[in-house]
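Structure record follows, encoded as structure tokens.
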Amino acid sequence: MSRFFLLSSMAIALAGALSSCSSESNLLPESERTSTTFHIGLNTQSRAAQSLNLANYDAKMYLYEGRDNDDGIVGYSQVRELELTDNYLTVEDLNTKTSYKAVFLAVPKGQTPKLPDLYSADIVPSYKEATTGYINGNEDETDKHIFRSILSFVASANTGTQSTVLTRQNGALEVRIKNIPDMQSVKLQVKGHTTMYIHDGTGGQVVTNGEPIVLSKTITDGLGASEVRVKINLLPQENITDVAGTDNYLEITTSVGTTKYPIKSDHSTIPIYPNQITWLTLGNGSGNFDVSFSGNINIEDEEWDGWIDNF
């Protein structure tokens, strides 16, 4: 075989290979980008959903992108963090056919701790690791609120506008006192969590982090009323029953002395639910509390309302 023939054959083969590769490359899909718009509302459970009034709330969106791990499990990493300035938020440059989780958080303006700056951290926490503070850890932080919504979606050219509604994640414990004359002071103490995870549990469950701290509220005004109420806002708990009254109790001082009432009832548990009030009524003579729950957080208490706007 001549050298010319060999070189010609190699050239033809190489040309054919390059032509094949070029043809296959043309068939590969190019990386596509898309956008989506969020319409953000607030739900107080006492009325229909309302627009989130940003004159009264600070709010942020934390965007997480799904990525396959080495073991084939999808984990979510933070790719964006935006402060809300309007009820509509458009997010650009999303990867199509990619899973995302958009977490929206809001707190009343002026409330501390503020919403966290997670994306600027030295090590940006993943969706499963990220937390936000609810209270700073002071005993008198008994009136805090926090709202959240989580929207999961797969980005596509047809995603369009998505609506999401934030709901109150904290609940409350309210004690109602009847038939106790000559009260001079009433103190409610209960342990509550300071921090919650950004992600939710099964069925939207609030997942708290860390050990609870003591929260306490004392009232001295209006104690001559036929029914006296004292309330502490709390992140959800499965059971605040404390038969011994070591941490969770009501303490009433009258002209004849002080009596401690442990937080206990005839029920097996006394839970705190998101966006609901757990009512305990004292005055049945047994020393136990009667337990009931609000159908929504707003029953007979206007301060739990949201602000009325069109959604």
Side-chain angles (χ1 to χ4, degrees), residues 44-46 107-108 110-112 134-146 168 170-194 212-237 239-267 269-306:
T44 63
Q45 291 193 4
S46 58
V107 294
Q111 179 174 298
T112 60
Y134 169 63
I135 56 178
N136 298 295
N138 301 320
E139 187 173 326
D140 61 350
E141 293 180 276
T142 58
D143 300 304
K144 299 292 181 74
H145 301 271
I146 188 166
R168 186 181 281 106
N170 62 283
L173 172 68
E174 180 174 282
V175 176
R176 299 176 172 188
I177 306 163
K178 299 179 179 180
N179 305 321
I180 298 183
D182 197 26
M183 291 190 295
Q184 298 180 354
S185 69
V186 172
K187 175 184 176 181
L188 176 61
Q189 177 176 301
V190 61
K191 278 195 168 183
H193 288 278
T194 64
I213 65 160
V214 168
L215 297 172
S216 176
K217 178 182 283 186
T218 299
I219 58 173
T220 56
D221 295 331
L223 300 184
S226 58
E227 180 179 280
V228 174
R229 302 182 183 184
V230 57
K231 182 176 71 177
I232 292 178
N233 294 353
L234 298 163
L235 288 179
Q237 298 184 45
N239 189 13
I240 61 168
T241 299
D242 184 358
V243 175
T246 305
D247 298 312
N248 302 340
Y249 60 85
L250 180 75
E251 191 173 81
I252 298 176
T253 299
T254 67
S255 58
V256 297
T258 298
T259 303
K260 178 189 283 189
Y261 300 88
I263 300 299
K264 60 188 181 73
S265 72
D266 294 332
H267 294 252
T269 62
I270 304 176
I272 303 295
Y273 295 120
N275 207 27
Q276 288 194 33
I277 299 174
T278 299
W279 283 331
L280 303 182
T281 302
L282 181 67
N284 58 14
S286 69
N288 282 358
F289 291 91
D290 292 330
V291 182
S292 60
F293 302 93
S294 65
N296 55 60
I297 206 74
N298 183 52
I299 290 183
E300 299 182 356
D301 193 344
E302 289 301 314
E303 73 172 327
W304 289 83
D305 276 349

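Here the structure is a predicted model, which means the values were calculated and not measured.
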Subject >> Donor-acceptor contact present, side-chain Asn239 to main-chain Pro271, <3.5 Å >> reply: no

Original post:
Rounded to the nearest 0.5 Å, how far does OG of Ser216 lie from CG of Asp140?
Top reply: 9.0 Å

Subject >> From NZ (Lys178) to CZ (Arg229), nearest 0.5 Å >> reply: 8.5 Å

Subject >> Gap between atom OG1 of Thr142 and atom CG of Leu173 - 0.5 Å precision >> reply: 11.5 Å

Subject >> Test item: side-chain donor near acceptor, Thr253 and Thr258, under 3.5 Å >> reply: yes

**OP:** Mind checking the NZ-CD1 spacing from Lys260 to Ile252? Nearest 0.5 Å is all I need.
**Re:** 13.0 Å

**OP:** Would you check if the side chain of Asp182 reaches a backbone N or O of Thr254 as a donor-acceptor pair within less than 3.5 Å?
**Re:** no

Original post:
Which value, rounded to the nearest 0.5 Å, describes the distance between His193 atom NE2 and Leu215 atom CG?
Top reply: 10.5 Å

Original post:
So, does Gln237 use its side chain to make a donor-acceptor pair with the main chain of Lys191 at under 3.5 Å?
Top reply: yes

Original post:
When Leu234 is tested against each of Asn170, Ile135, Val190 for side chain to side chain contact (heavy atoms under 4.5 Å, CB included), which residue passes?
Top reply: Val190

**OP:** Give a yes or no on this: more than 12 heavy atoms of other residues, nucleotides or ligands lie within 6.0 Å of atom CG of Asp221.
**Re:** no

Original post:
Where do Tyr134 and Ile146 come nearest, in terms of heavy atoms and distance?
Top reply: CD1-CG2, 3.8 Å

Original post:
If you take all heavy atoms of Pro262 and Phe289, which pair is closest and at what distance?
Top reply: O-CE1, 3.2 Å

Subject >> Side-chain touch Ile180/Leu282, heavy atoms, less than 4.5 angstrom >> reply: yes

Subject >> salt bridge (charged side-chain N to carboxylate O under 4.0 Å, His left out) evaluation trace for Lys217 with Asp143 >> reply: CA-CA 10 Å; Lys217 178 182 283 186; Asp143 300 304; 3.1 Å; yes

Original post:
Quick one: does Thr112's side chain get under 4.5 Å of Lys144's, heavy atoms only?
Top reply: yes

Original post:
Side chains of Val230 and Leu250: closer than 4.5 Å at any heavy-atom pair?
Top reply: yes

Original post:
Ignoring hydrogens and geometry, is there a side-chain-to-backbone donor-acceptor pair from Gln184 to Thr220 under 3.5 Å?
Top reply: no

Subject >> Straight-line distance of Glu141 CD to Thr194 OG1, nearest 0.5 Å >> reply: 9.0 Å

